[in-house]
**Q** 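The structure that follows is given in the form of structure tokens.
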Amino acid sequence: QVQLVESGGGLVQAGGSLRLSCAASGRTFSSYTLGWFRQAPGKGREFVASISWNTASTYYADSVKGRFTISRDNAKNTVYLQMNSLKPEDTAVYYCAARGRGAITFGADYWGQGTQVTVSS
């Protein structure tokens with residue numbers, strides 16, 4: 001059974017940093033794309049960033065480019081999202097996701113339970 005378990009969310013002031021982690025288990029992810037989505041109150045879920053497990057190539061939403069960095073540790077089966085220069089509009093529940101085929105920006109095969117990130121002004 002595939003599990004994606006997020007951690008690292010919390011409350012931070014604007015301009016601060018947080019690092020989210022996603023521990024992946026239950027299958028081999030070598031051909032998968034792992035990523036992060038977020039959902040703010042009253043809004044739909046939106047793509048944030050993704051990384052290819054094989055090639056480590058990355059892709060970012062324009063709203064976080066230059067501020068967020070996604071990375072992975074193959075040995076630990078973990079994906080990270082380093083978030084710097086946080087803004088109040090980054091406040092959301094952040095979800096880890098995994099997709100086997102196709103672009104993860106269109107959705108995922110597996111989802112984590114989410115972790116809350118709150119940025120105060």
**Q** To which residues is L11 joined in a hydrophobic cluster, defined by side-chain heavy-atom contacts under 4.5 Å among Ile, Leu, Val, Met, Phe, Trp and Tyr, whether direct or through other members?
**A** none

**Q** Does any pair with a residue in residues 77-121 pass disulfide (SG to SG under 2.5 Å), and if so which ones, sequence neighbours excluded?
**A** C22-C96

**Q** Can you run down the disulfide (SG to SG under 2.5 Å) pairs that involve residues 40-85, sequence neighbours left out, and say none if there aren't any?
**A** none

**Q** Under 3.5 Å, is there a donor-acceptor pair between the side chain of Q113 and the main chain of V5?
**A** no

**Q** Check side-chain contact (heavy atoms from CB on, under 4.5 Å) between S121 and all other residues, then give those that pass, not counting sequence neighbours.
**A** P88

**Q** Any side-chain heavy-atom pair from F37 and W111 closer than 4.5 angstrom?
**A** yes

**Q** Between the main-chain N or O of G114 and the side-chain N or O of E6, is there a donor-acceptor pair closer than 3.5 Å?
**A** yes

**Q** Quick one: which residue pairs count as a salt bridge (charged side-chain N to carboxylate O under 4.0 Å, His left out) with a foot in residues 98-121, not counting sequence neighbours?
**A** none

**Q** Got a sec, which residues hit salt bridge (charged side-chain N to carboxylate O under 4.0 Å, His left out) with E89, two or more places apart in sequence or on another chain?
**A** none

**Q** Among all residues two or more places apart in sequence or in another chain, which pass the side-chain contact (heavy atoms from CB on, under 4.5 Å) test with Q116?
**A** T91, V93, T118

**Q** Quick one: which residue pairs count as a side-chain hydrogen bond (donor to acceptor under 3.5 Å, both in side chains) with a foot in residues 12-21, not counting sequence neighbours?
**A** S17-N84

**Q** Through direct or indirect side-chain contacts below 4.5 angstrom among Ile, Leu, Val, Met, Phe, Trp and Tyr, which residues connect to Y94?
**A** V2, L4, V12, L18, L20, F29, Y32, L34, W36, V48, I51, W53, Y60, V64, F68, I70, V79, L81, M83, L86, Y110, V117, V119

**Q** Please identify each residue that fulfils side-chain contact (heavy atoms from CB on, under 4.5 Å) with Q39, with sequence neighbours left out.
**A** R45, Y95

**Q** Does Y80, at its OH atom, have more than 12 non-hydrogen atoms belonging to other residues, nucleotides or ligands within less than 6.0 Å?
**A** yes

**Q** Would you please test F47 and Y59 for side chain to side chain contact (heavy atoms under 4.5 Å, CB included) and show each step?
**A** CA-CA 10 Å; F47 169 79; Y59 183 65; 3.5 Å; yes

**Q** Within the side chain of N77, is there an N or O that forms a donor-acceptor pair under 3.5 Å with the backbone of S25?
**A** no

**Q** Tell me the closest heavy-atom pair linking T33 and S50, and the distance in Å.
**A** CG2-CB, 3.8 Å

**Q** Quick one: list whatever passes side-chain contact (heavy atoms from CB on, under 4.5 Å) with A23, sequence neighbours left out.
**A** T78

**Q** Could you note down all residue pairs passing disulfide (SG to SG under 2.5 Å) where residues 23-79 supplies at least one of them, sequence neighbours left out?
**A** none

**Q** S57 and T55: side-chain donor and acceptor closer than 3.5 Å?
**A** yes

**Q** NZ of K43: more than 12 outside heavy atoms within 6.0 angstrom?
**A** no

**Q** Considering all heavy atoms of both residues, which atom of R72 and which atom of S52 are nearest to each other, and what is their separation?
**A** NE-O, 3.9 Å

**Q** Side-chain contact test, heavy atoms from C-beta onward, threshold under 4.5 Å: evaluate it for R67 versus K87 and give yes or no.
**A** yes

